Amino acid sequence: NVIIPDLPGFGDSGEFANNHNIANYSDWLIDLIPKLNLKSPILLGHSFGTIVTAAALANRADACAVVLVNPISAPALKGPRAALTWITQGVHWFTKVVPEPLGNALLRSHIFVRTMSVVMAKTKDPALRKWIHAQHDTNFNNYTSRKVAVEGYLASISHTVAEYAHLIWQPTLLIAGDKDDITGVPAQRAVAREFGNAELVVLHKVGHLTHYERPEEVAAAVRSFIQKLES
């Protein structure tokens with residue numbers, strides 16, 4: 001069984017009454033897991049979700065194992081595309097200080113979303129690139145308010161998986177792309193050593209969107225990991 005919850009403030013989930021920071025997202029996930037009545041749950045997070053997942057596990061979330069896909073293992077402002085991150089941070093700051101309708105219009109604008117999508121997609125397949133862009137056009141800015149978008153982005157660049165790795169004892173699978181512009185492979189190898197029990201799978205010629213561009217390989221790595229847990 002696979003359960004995919006919408007983070008508070010995104011999709012169909014209502015936003016927090018207070019700040020959308022890692023502490024609150026972590027507490028939300030810790031509270032959610034027992035309500036689902038799952039036997040031996042395995043947590044899986046991608047990108048920003050890897051930080052939320054790692055923080056929850058470090059704070060004793062109930063899970064028997066964890067999969068982190070394209071984990072944010074190093075500060076985004078120091079990553080391979082640090083300049084782009086600084087620009088994106090500036091855009092979010094601007095959208096926060098202007099009137100909300102203008103801020104939302106910019107955050108949800110086609111050019112803003114498409115620029116992000118073009119930068120992250122590494123595939124040369126025109127059909128796949130078109131599909132990825134359509135996914136981002138539909139889902140990337142499906143947030144409830146400007147407050148959620150700005151606070152969520154700030155949370156995503158203010159923390160890393162590396163902060164929590166040494167507190168996570170569960171078997172851990174890290175899946176990374178060797179062309180990931182947010183966290184490079186050397187940083188992924190370094191953080192893998194910080195976990196109590198982790199393995200790293202690096203997929204080649206793919207970046208931060210391994211789940212979109214190489215879903216079969218990601219799924220195979222996850223299945224192999226689960227089979228090892230069960231053996």
Side-chain angles (χ1 to χ4, degrees), residues 1-7 29 33 36 38-58 61-74 76 79-81 117 119-125 127-129 131-132 135-136 139-140 156 159-231:
N1 294 324
V2 177
I3 298 173
I4 308 176
D6 289 334
L7 287 175
L29 182 55
I33 295 171
L36 299 175
L38 303 174
K39 181 180 179 181
S40 302
I42 298 172
L43 293 183
L44 186 152
H46 170 261
S47 191
F48 176 53
T50 65
I51 306 175
V52 175
T53 299
L57 286 167
D62 180 20
C64 69
V66 58
V67 179
L68 303 178
V69 182
N70 295 107
I72 309 297
S73 299
R81 288 292 184 99
S117 191
V119 168
M120 290 201 295
K122 302 303 180 184
T123 179
K124 303 299 183 182
D125 183 336
L128 181 54
R129 289 185 70 89
W131 181 83
I132 290 171
Q135 289 294 303
H136 287 142
N139 300 308
F140 190 76
S156 75
H159 298 273
T160 71
V161 168
E163 296 175 41
Y164 311 104
H166 67 287
L167 298 172
I168 298 173
W169 56 267
Q170 291 93 338
T172 302
L173 171 65
L174 309 176
I175 301 176
D178 67 352
K179 293 185 178 298
D180 194 331
D181 293 322
I182 297 178
T183 302
V185 173
Q188 302 290 19
R189 290 190 176 125
V191 81
R193 294 191 290 268
E194 297 298 317
F195 287 87
N197 178 13
E199 62 177 288
L200 170 65
V201 172
V202 178
L203 304 183
H204 299 285
K205 297 182 180 180
V206 65
H208 198 64
L209 305 179
T210 54
H211 60 313
Y212 279 171
E213 298 188 26
R214 307 286 271 280
E216 296 89 353
E217 293 176 54
V218 171
V222 174
R223 289 193 186 100
S224 176
F225 175 66
I226 293 174
Q227 287 171 356
K228 292 176 185 177
L229 295 176
E230 296 174 341
S231 63

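Nothing here was measured: the structure is a model prediction, and the numbers come from that model. For the single chain, residues carry numbers from 1 onward in sequence order.
- With hydrogens and angles left out, the side-chain atoms of T210 and N70 include a donor and acceptor closer than 3.5 Å.
- With values rounded to the nearest 0.5 angstrom, E194 atom CD is found 12.5 Å from T172 atom OG1.
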Quick one, V69 with V222, criterion side-chain contact (heavy atoms from CB on, under 4.5 Å). Give me CA distance, side-chain angles, the key distance, then yes/no. CA-CA 10 Å; V69 182; V222 174; 5.6 Å; no
CA sep, side-chain torsions, deciding dist, call: T53, L68, side-chain contact (heavy atoms from CB on, under 4.5 Å): CA-CA 8 Å; T53 299; L68 303 178; 4.0 Å; yes
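- Side-chain contact between V66 and L173 is absent, with no heavy atoms from C-beta onward closer than 4.5 Å.
- Here the SG atom belonging to C64 is positioned 10.0 Å from the CG atom belonging to L38, to the nearest 0.5 angstrom.
- Under the side-chain contact (heavy atoms from CB on, under 4.5 Å) criterion, A61 pairs with I30, I33, A56, L57, not counting sequence neighbours.
- Judged by distance alone, the side chain of R129 and the main-chain N or O of K124 form no donor-acceptor pair under 3.5 Å.
- Taking H211 as the reference, H46 meet the ring-ring contact (aromatic ring centres under 6.0 Å, His included) condition, with sequence neighbours excluded.
- Looking at every heavy atom in both residues, S73 comes nearest to A162 through O-CB, 3.6 Å.
- In terms of the side-chain hydrogen bond (donor to acceptor under 3.5 Å, both in side chains) criterion, D62 has no residue partners (sequence neighbours excluded).
- Annotation: side chain of T160 is not in contact with side chain of I51 (no heavy-atom distance under 4.5 Å).
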Could you walk me through whether V206 and K122 pass side-chain contact (heavy atoms from CB on, under 4.5 Å), step by step? CA-CA 6 Å; V206 65; K122 302 303 180 184; 5.5 Å; no
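- Scanning all heavy atoms of the two residues, the minimum distance from I168 to A58 falls at CG1-N, 4.2 Å.
- Proximity of H159 to Y164: side-chain heavy atoms (C-beta onward) are separated by under 4.5 Å at one or more points.
- Under the 4.5 Å side-chain criterion, counting only non-hydrogen atoms from C-beta, E199 is in contact with K228.
- Checked by atom type and distance alone, the side chain of D178 pairs as donor or acceptor with a backbone atom of K205 at under 3.5 Å.
- Contact of the V67 side chain with the L43 side chain is not registered, since no non-hydrogen atoms from C-beta on lie closer than 4.5 Å.
- Formation of a donor-acceptor pair under 3.5 Å by the T50 side chain with backbone atoms of I72 is found in this model.
- Here the two rings, on Y212 and H136, have centers that are under 6.0 Å apart.
- The nearest pair of heavy atoms linking A63 to W169 is O-CH2, 4.4 Å.
- Proximity of a side-chain donor or acceptor of R214 to a complementary backbone N or O of H204 within less than 3.5 Å is detected.
- Between S47 and H208, some side-chain heavy-atom pair lies under the 4.5 Å cut-off.
- In this structure, the side chains of L29 and V52 come closer than 4.5 Å at one or more pairs of heavy atoms.
- Residues meeting the side-chain contact (heavy atoms from CB on, under 4.5 Å) test with L200, sequence neighbours left out: L174, A176, Q188, R189, A192, V202.
- For L128, the side-chain contact (heavy atoms from CB on, under 4.5 Å) partners are T123, D125, W131, I132, E213, not counting sequence neighbours.
- Under the side-chain contact (heavy atoms from CB on, under 4.5 Å) criterion, L229 pairs with I42, A65, P171, F225, sequence neighbours left out.
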